[in-house]
Amino acid sequence: MITSIDHAYTGSASILVYPNPVEQLVTIRVNEENNAETTFIISDALGKKIVEGKIKKEIIIDMSTWGPGVYLLETTDGVNQGRQKIVRQ
């Protein structure tokens, strides 16, 4: 169970998630200077993988059918790793 994760990034990767909290569509934007492809996983509070994929610059995910709660976004570009919570209202 996720109890508290704000922003925990290592390295130089910068991930923007907005809007957060979200009702329908959430945008995940990668601010990478080297244009590396970033892999992401979004899991629910129990650790169940909901969606995964790759981001080059930006991706928009429809969360309108997901239940309200806190989801965990994990990202890596092979060097940098990050975690951030996404709140679905």
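Note that the structure is predicted; figures quoted are calculated from it, not measured.
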Starting at CD1 of Ile61, measure out to CD1 of Ile50 and round the result to the nearest 0.5 Å. 11.0 Å
More than 12 foreign heavy atoms under 6.0 Å from CD of Glu37: is that the case here? yes
Pairwise distance NZ(Lys57) to OG1(Thr38) - rounded to 0.5 angstrom: 9.5 Å
At what distance, to the nearest 0.5 angstrom, does CD1 of Ile60 lie from CG of Leu25? 6.5 Å
Stepwise, does the side-chain contact (heavy atoms from CB on, under 4.5 Å) test hold for Thr39 with Lys54? CA-CA 4 Å; Thr39 301; Lys54 296 185 184 288; 3.4 Å; yes
Interatomic distance, Asn20 atom CG to Gln89 atom CD [nearest 0.5 angstrom]: 9.0 Å
Trace of the side-chain contact (heavy atoms from CB on, under 4.5 Å) decision for Phe40 with Ile59: CA-CA 10 Å; Phe40 75 93; Ile59 189 168; 3.9 Å; yes
Can you list the steps and then say if Val26 with Trp66 is a side-chain contact (heavy atoms from CB on, under 4.5 Å)? CA-CA 12 Å; Val26 66; Trp66 302 13; over 6 Å; no
Between Val17 and Ile41, is there shared hydrophobic-cluster membership here, with clusters defined by ILVMFWY side-chain heavy atoms closer than 4.5 Å? no
Could you walk me through whether Ile28 and Ile42 pass side-chain contact (heavy atoms from CB on, under 4.5 Å), step by step? CA-CA 11 Å; Ile28 303 170; Ile42 300 177; 4.2 Å; yes
Can you see which heavy atom on Val30 is nearest to which on Lys56, and at what distance? CB-O, 4.4 Å
Atom of Ile15, atom of Gln84 and distance for their closest heavy-atom approach: O-OE1, 3.8 Å
Closest heavy-atom contact between Met63 and Val22? SD-CG1, 3.6 Å
Would you say the side-chain atoms of Arg88 pair up with the backbone N or O of Ser64, donor to acceptor, closer than 3.5 Å? yes
